[in-house]
Structure formats: C-alpha cells, structure tokens
Amino acid sequence: MYNKNGKYNTKVTAFGKFVPETIYDNAYFESIVDTKDEWIVTRTGIKERRILENGATSDLAVGAIKDMVRRFDVDLNTIDLIIVATVTPDMFFPSTACVIMDKLNIKSAWGFDISAACSAFIFAVATARSFIESGASKKVLVIGADKMSAITDYTDRNTCILFGDAGTAMLFEPTEDKEDGFLDQILFCDGSGGKYLYMLGGGSLNPATHETVDKKMHFIYQDGKAVFKVAVIGMADVAEELMKRNNLKPEDVAFLVPHQANLRIVDATRERMGIDNSKVMVNIDKYGNTTAATIPLCMIDYYDEGKLKKGDNLILASFGAGYTWGGIYMKWSI
Ligand code: COA
C-alpha cells in the first residue's frame, strides 16, 4: 500500500478547464467518412467533440490555468513544479511545460512533460505526489491537455470519430491529514502493447520525410479490437484491486472516474466494481476521447454540476497507449 509512513498526503486545492468552442458532431463525420451516428453512439458513446481550430496544446493548458485562477485566485508565481501530461506537445522541445511558463510569465517553477498517452494524467498525479510527499515541492500544477485533432487522420473512420481536444489544470498541495486527498495508486506499463496503438512518424525512428507524410505516419494508428480487449481487463482489474486492498464496498465509492475512450469499457469496469450507473462519471458523449484531459475534465464537470462533493471517495482508472494503465483511490478535498 502506498504512503503509510510519510508526513504528508497530497490533496487537490484548485482546478480549471478549457474546451474549445468548435463542435464536430456525429452528423459532421457522416459527411466526411463512411459512418453513421447510430454506429458511433452504440459502439463508443460519443455524440460530439470539441476541436481547437487555431493554437496548440499549450493554449488549451493556458485556457485551463486562467479558468483556475478565476475560480480560486491562485498566485501562479507560488507554484514550484509544473508537470504536463500530453501526447501532443507543442513541439518535441522545448517542453510544453516551458512554453506554458513563458506564456503566463511563471518564474517560480521548474517542470517537464510526461508521455503516457491516455494514462498520462494518472502518471502525472503519481509523480506530483512523490514530489509533494517527499517534501521536495509545495505546490505542483498538473496539466492534462491534448490537441488530438493535430494527429488525427480525418479520412480514417476507425480513429477520427474517437478523439477531441481539451485542457485541464489541477493544483496539488501537501496536507497533514492522512485521511484526505490521495490514498492509494496502482500503475502499470507493458511495452509489448506498443504495436496496437501508436504514431510512427516524426521521432528518431522515422524522422519526418515526404515518405512519412505520404504514408500518413504522423497520425494515430489504432487496432481498436486488440486495444479494447486488454483495456476492458486492465481498467476493471485496477479499479477492483484498489477497492479490495482499501476495504471499499460499492456503497463506500462515490464515483468511478474512468478514462473516457469507450462507454462499453467504462461499463465493464463499473460492473466489476459492483456499483450503480449513477456512480460513474461520464462525459464522453460531449467531448470524445481527449486523452490526458478526460479524467480531470470529468471531475471538474461533475463539480460544476454540483454532483462531486468534498469528502467523496473516488476511484480513478485509465488505460492507454504503451500499454500504460493504472488507478488512483482519492478523497475529493474541495
Ligand atoms: N463507422 C462505421 N463503421 C466503422 C467505423 C465507423 N466510424 N469504424 C470502424 N468501423 C467498422 C470496422 O471497419 C469493422 O468493419 P468490418 O467488420 O467490416 O471489418 C466494424 O466497424 C467493426 O469494427 P471493430 O473494430 O470490431 O469495432 P469495435 O466494436 O471494436 O469498435 C472501437 C471500434 C475503436 C470503437 C473500439 O474497438 C474501441 O473503443 N477500442 C479501444 C479504444 C481504447 O480504449 N483505446 C485506448 C485509449 S485511447
């Protein structure tokens, strides 16, 4: 079990979100690829996604940070570490963390980006906890942001209907209350899953050439069926294990906060946990899969709707490219 001996726990003290205004609904996809609204809704649960027409992932993050400042009056120059969870950094380098600091004139922090695809928010929070609970950092800002439209092939019906763009910001600080904030976590990687979900081009393996562009190697490739099979098992396993080893019964869980890739995967996780539909955070219908942003965006949406309350027990669970997967057991602190 994580974190039984340290002085501090980690809790959420502020948050913000940003979703672009442009909407691509299922009717739009019916007009550009061979698909049907009914297929998309029944196979995935998605009805529409937000698309950032101008700008980059750092702009989604900056929008979310500005929203956080509006809500919580945070002095950005008291933040000492910024961790950006993203698979669509503005550039390979400098890091998106550096770009964001420059755009917001943040001088007090250091930072870096984390690449763990759809599990990146959970991996970034686990990293933030290590810095806070070791005493190395006092205020860590985790950004979960992805401009998936930048790496989506809008002629490939297998993938283009799935993804959208969004940015989130969450601030983490230490608490001496050992019953508050983040209480447990499970994290996994299995590189043998890499061949089922990837973007081949642009890295040192396949540097950009005319050929990599012609072969569409700068877009997401996914073997949906292969990923589906393992995602169903991986997400349900971590959620069930977190409940078991923390002695949580279904009635003790306020919400499952699942990565939003496919409503059928979410439902399989819910079933294994033995919880009711009303205890599952879902917003995939509005945004599609926004990769690093889905889990924090769910929490913020539910808070805004008055459904998420201080003291609620949450089980976060994700599965993504790598393969990467994991879960977090936490108490909501605001
Ligand atoms: N519209 C209509 N038909 C489509 C389609 C679309 N947008 N996309 C694919 N199809 C077709 C396929 O071509 C296939 O046709 P075929 O049987 O003639 O070959 C058929 O639908 C079924 O394809 P299949 O891959 O079996 O569908 P599925 O039920 O597995 O659903 C996904 C596809 C992508 C929605 C689903 O596999 C999935 O969600 N996978 C996991 C995603 C995930 O968790 N990723 C990790 C985090 S990103």
Side-chain angles (χ1 to χ4, degrees), residues 24-49 85-88 115-123 144-166 187-199 219-239 256-270 272 280 282-285 287-295 297-298 316-327:
Y24 284 3
D25 61 12
N26 289 349
Y28 172 73
F29 286 94
E30 286 181 344
S31 76
I32 62 165
V33 290
D34 179 15
T35 193
K36 287 269 169 290
D37 171 60
E38 202 237 329
W39 189 96
I40 300 174
V41 173
T42 52
R43 306 309 289 161
T44 71
I46 302 167
K47 292 180 180 155
E48 52 187 50
R49 322 100 189 105
T86 190
V87 79
T88 52
S115 169
C118 295
S119 301
F121 179 76
I122 282 185
F123 280 33
D146 268 301
K147 185 185 176 184
M148 296 306 291
S149 61
I151 57 167
T152 298
D153 174 4
Y154 285 96
T155 66
D156 174 14
R157 71 173 182 173
N158 291 296
T159 52
C160 71
I161 53 123
L162 298 172
F163 297 98
D165 304 336
L187 308 164
F188 291 110
C189 284
D190 176 1
S192 70
K195 52 188 170 297
Y196 302 110
L197 180 50
Y198 55 72
M199 190 177 86
F219 293 127
I220 306 157
Y221 166 82
Q222 175 172 243
D223 178 341
K225 213 173 275 188
V227 179
F228 187 94
K229 280 186 203 148
V230 277
V232 164
I233 296 166
M235 271 182 47
D237 277 356
V238 293
L256 162 68
V257 194
H259 171 56
Q260 312 276 306
N262 188 311
L263 205 50
R264 290 180 291 145
I265 299 175
V266 171
D267 206 46
T269 307
R270 176 198 66 74
R272 186 91 80 78
V280 184
V282 171
N283 63 9
I284 192 172
D285 51 324
Y287 306 122
N289 182 350
T290 58
T291 304
T294 67
I295 287 177
L297 191 56
C298 262
L316 282 47
S318 72
F319 193 95
Y323 294 132
T324 55
W325 70 107

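All ligand and atom numbering here is 1-based and tracks the order in the structure. The shown structure was predicted, so the numbers you read here are calculated from the model rather than taken from an experiment.
When side chains are defined from C-beta on, Y323 counts as touching Y196, because their heavy atoms get closer than 4.5 Å. Residues F123 and L187 form a side-chain contact, since some pair of their non-hydrogen atoms from C-beta on lies under 4.5 Å apart. Considering only heavy atoms from C-beta on, I284 stays 4.5 Å or farther from N289 through its side chain.
Using a cut-off of 4.0 Å between Lys/Arg side-chain N and Asp/Glu carboxylate O, R270 and D267 are scored as salt-bridged. Using a 4.0 Å cut-off between a side-chain N of Lys or Arg and a carboxylate O of Asp or Glu, D165 and R49 do not qualify as a salt bridge.
Distance check on atom 8 (N) of ligand 1: some protein heavy atom falls below the 4.0 Å cut-off. Protein heavy atoms are absent from the space less than 4.0 angstrom from atom 16 (P) of ligand 1. The protein reaches atom 36 (C) of ligand 1 closely, with a heavy atom under 4.0 angstrom from it. In this structure, atom 19 (O) of ligand 1 is not in close contact with the protein, since no protein heavy atom lies within 4.0 Å of it. For atom 31 (O) of ligand 1, the protein comes within 4.0 Å by at least one heavy atom.
In this view, R157 and D34 satisfy the salt bridge (charged side-chain N to carboxylate O under 4.0 Å, His left out) rule, not counting sequence neighbours. Applying the side-chain contact (heavy atoms from CB on, under 4.5 Å) test to K229 and every residue at least two apart in sequence or in another chain returns nothing.
Counting heavy atoms under 4.0 Å from ligand 1, residue I161 touches it through the side chain alone. If you look at F228 next to ligand 1, the close heavy atoms, those under 4.0 Å, come from the backbone and the side chain alike. Heavy atoms of N289 found under 4.0 angstrom from ligand 1 belong exclusively to the side chain. Here F29 has no heavy atoms under 4.0 Å from ligand 1, in either its backbone or its side chain. Residue T291 does not touch ligand 1, judged by heavy-atom distances below 4.0 Å.
The option with the heavy atom closest to atom 6 (C) of ligand 1, from among T35, V230, T294, is T35. Checking E30, R157, M148, K229 against atom 12 (C) of ligand 1, the nearest heavy atom belongs to R157. Selection from W39, Y196, W325 by nearest heavy atom to atom 10 (N) of ligand 1 gives W39. The residue among R264, M235, Q222 with a heavy atom at the shortest distance from atom 43 (C) of ligand 1 is Q222.
From the protein, the heavy atom lying nearest to atom 26 (O) of ligand 1 is K225 CE, 2.7 Å. Scanning the protein for heavy atoms near atom 40 (N) of ligand 1, the closest one is G224 O, 3.1 Å.
For a threshold of 3.5 Å applied to N or O pairs, the pair formed by N262 and ligand 1 contains at least one separation below that value. Among the atoms of F319, none of the N or O lies under 3.5 angstrom from an N or O of ligand 1. Checked against a 3.5 angstrom limit, the closest N/O atoms of T44 and ligand 1 fall outside it. The N/O atoms of K36, backbone and side chain alike, include none that comes under 3.5 Å of an N/O atom in ligand 1. Annotation: R43 places an N or O atom under 3.5 Å from an N or O atom of ligand 1; distance criterion only.
Relative orientation of the Y154 and Y24 rings is perpendicular, given thresholds of 30° and 60° on the angle between their planes.
Formation of a donor-acceptor pair under 3.5 Å by the T324 side chain with backbone atoms of A321 is found in this model.
The shortest heavy-atom distance from I265 to ligand 1 is under 4.0 Å.
Distance check: T35 OG1 to Y28 OH gives 13.5 Å after rounding to the nearest 0.5 Å.
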